[in-house]
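To start, the structure itself, in structure tokens.
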Amino acid sequence: MSGEDKFKILIVDDEESMREFLEIMLVQEGYRVTVAHDGEQACHILDRESFDLIITDIRMRNINGIGVLKKAKDVDPGATVVLISAFASAETAVEAMKEGAYDYIPKPFKVLDFKRVIRDALGSRTGPKEKGVGPKIDLHFGSLVGESPQMRKIYDLVERVSQTRTNILISGESGTGKELVARAIHSLSERRDKPFVVINCGGIPESLIESELFGYRKGAFTGALIDKEGLFDTAHGGTVFLDEVGELSLVIQVKLLRVVQDRTFTAVGGTQVKTVDVRFISATNRDLEREVIDNNFREDLYFRLNVIPINIPPLRDREGDLPLLAHYFLEKFSMEMGKDIRKISTYAMDILNNYSFPGNVRELENIVERSVALERSKIVLPDSLALSCLRERGLERINRTPDLGPEGIRLDEVMWEIERDYISRAMEIARGSKRRAAELLGINLRSLRYRLEKAGFVENDGSKGYVGGT
Ligand SMILES: Nc1ncnc2c1ncn2[C@@H]1O[C@H](COP(=O)(O)OP(=O)(O)OP(=O)(O)O)[C@@H](O)[C@H]1O
Ligand SMILES: [Mg+2]
């Protein structure tokens with residue numbers, strides 16, 4: 001980039017060292033930089049000149065960062081403004097977002113993070129304005145989001161297998177999108193106008209499953225007052241989705257094998273052999289091969305169902321899909337809730353990037369939904385997101401079946417460990433702000449101070465833990 005087509009940036013900061021530092025860094029990056037030493041000077045400059053990006057400190061004498069932001073939006077409603085804020089002014093940052101700031105960078109920041117926000121902010125100017133500021137999202141087969149090489153392989157497979165009648169076994173951790181993939185295959189196949197019948201193998205009581213699947217004849221058992229069709233009758237011509245197939249008992253596995261093998265079945269209490277035309281797609285989050293070795297799953301049924309295996313990778317292994325999915329859900333939920341949130345702040349995205357998502361896409365979906373519900377500004381800030389992630393993990397722990405072991409535990413020590421973990425994580429997310437950390441933990445500031453001291457996070461000698469902040 002040279003001369004005229006360089007991006008123009010205005011830096012506003014009343015602290016000289018910071019101003020110089022930012023100027024040198026941005027000039028090195030190849031931007032045309034103008035500096036203002038306070039809000040007032042910035043407003044004068046904004047009256048005469050326009051910029052691609054305005055970076056302003058929030059806390060300044062006279063006219064502060066919000067003032068600069070308002071002025072910039074006044075002269076050009078499309079102006080892109082990024083604010084730099086210290087911990088103490090987190091509230092002001094929220095206010096700034098409401099006024100239409102593009103993003104905010106908390107102090108202290110890493111140079112790499114800073115450059116990323118700047119590039120992101122400038123990038124948003126080149127796209128069509130009203131289309132939002134998130135990445136462009138394509139839906140595959142009308143429902144699947146993600147462009148990672150791992151997911152592309154799956155789209156490819158989905159397309160190829162959809163044209164056949166071959167049975168498919170989809171494996172993957174919980175929440176990876178197994179059912180979505182199964183539905184995609186059905187909707188691409190010649191069977192698309194026929195039923196897609198979900199059989200929740202883990203959810204139907206053992207005593208009912210046979211009559212649910214195969215139907216029953218009048219008088220087959222007490223209460224069987226009329227003939228009733230089963231799920232296989234309903235599914236004729238379509239696709240049967242055997243969800244959580246690993247949950248089937250060995251008895252039912254035998255009955256199912258017959259349908260999978262010969263495509264025939266008999267209603268409970270009936271004699272007539274019925275023929276059915278269905279395609280089987282099964283799903284499991286267990287290692288079914290292992291279940292076969294352990295004699296929990298019939299080998300013959302396993303081979304019949306698993307003609308083509310599709311393994312969906314966990315979200316944490318998909319390169320580049322997280323931001324796409326996050327923005328997809330953001331758009332979906334802000335529309336549903338009638339909110340105008342179009343962006344996830346860079347720092348909020350960092351929190352997501354550092355999370356392992358044991359619940360995969362479903363967990364991400366839930367986190368974004370809650371964040372949108374909680375968010376008061378126009379952009380998802382770390383606060384609302386962190387709250388969701390933290391709550392999620394809290395629940396995970398609480399729901400876990402406690403492992404006492406033969407030796408028992410020391411409850412005080414365990415509770416103490418959990419407390420320490422949460423406190424240090426909350427302080428991390430709150431970037432040292434005790435007030436914010438206390439909010440995240442649902443306790444008051446005094447209680448947090450007391451616990452910090454107890455946990456040995458010394459306040460003022462800087463040797464350990466968290467210094468400063470309010
Ligand atoms: N690639 C994707 N793009 C968009 N949404 C997705 C994607 N993958 C999963 N989802 C969404 O995540 C949620 C979970 O997906 P789905 O029910 O298909 O997962 P699953 O693997 O069957 O989960 P479980 O093992 O818990 O049954 C759904 O709301 C689904 O719409
Ligand atoms: Mg499922």
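In each ligand, atom 1 is the first atom listed, and ligand 1 is the first ligand listed. For clarity, every value in this text was computed on a predicted model and none was experimentally measured.
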Provide, to 0.1 Å, the distance between [atom] and the closest protein heavy atom, together with that atom's residue and name.
| atom | result |
| --- | --- |
| atom 25 (O) of ligand 1 | K178 NZ, 2.7 Å |
| atom 22 (O) of ligand 1 | E179 N, 3.3 Å |
| atom 26 (O) of ligand 1 | R362 NH1, 2.6 Å |
| atom 2 (C) of ligand 1 | V145 N, 3.6 Å |
| atom 12 (O) of ligand 1 | E365 OE1, 3.4 Å |
| atom 30 (C) of ligand 1 | L180 CD2, 3.8 Å |
| atom 15 (O) of ligand 1 | G177 CA, 3.7 Å |

Exercise. L144 heavy atoms, cut-off 4.0 Å: which ligand 1 atoms fall inside?
Worked result: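 In order of number, 1 (N), 2 (C), 3 (N).
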Exercise. Testing R258, K274, Q272 for side chain to side chain donor-acceptor pair (under 3.5 Å) with T266, which one passes?
Worked result: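 Testing each of R258, K274, Q272 against T266, the sole residue satisfying side chain to side chain donor-acceptor pair (under 3.5 Å) is R258.
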SB check [X] [Y] (cutoff 4.0 Å):
| X | Y | result |
| --- | --- | --- |
| R286 | E247 | yes |
| K218 | D227 | no |
| D412 | R410 | no |

Problem set entry | Sub-4.0 Å heavy-atom approach of G175 to ligand 1 |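 Checking ligand 1 against G175, which is what was asked, there is a heavy-atom contact under 4.0 Å.
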Exercise. Does some non-hydrogen atom of S143 fall short of 4.0 Å from ligand 1?
Worked result: yes
Exercise. Taking the six-membered ring of F214, is NZ or CZ of K255 closer than 6.0 Å to its centre and within 45° of its axis?
Worked result: no
For this session: Could you see which bit of F329 sits under 4.0 Å from ligand 1, with heavy atoms only: side chain, backbone, both or neither?
Result: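 For F329, only side-chain atoms sit under 4.0 Å from ligand 1.
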Problem set entry | L325 contact mode with ligand 1 (heavy-atom cut-off under 4.0 Å) | side chain
For this session: Might you confirm whether atom CD of E29 has over 12 heavy atoms from other residues, nucleotides or ligands at distances under 6.0 Å?
Result: yes
Exercise. Distance-only, no hydrogens or angles: does the R279 side chain make a donor-acceptor pair with backbone N or O of G237 under 3.5 Å?
Worked result: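 No, because the side chain of R279 does not come within donor-acceptor range (under 3.5 Å) of the backbone of G237.
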Exercise. Taking the inter-plane angle between the rings of F7 and Y31 on a 0 to 90° scale, is it parallel (under 30°), tilted (30 to 60°) or perpendicular (over 60°)?
Worked result: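 Ring orientation, 0 to 90° scale: tilted.
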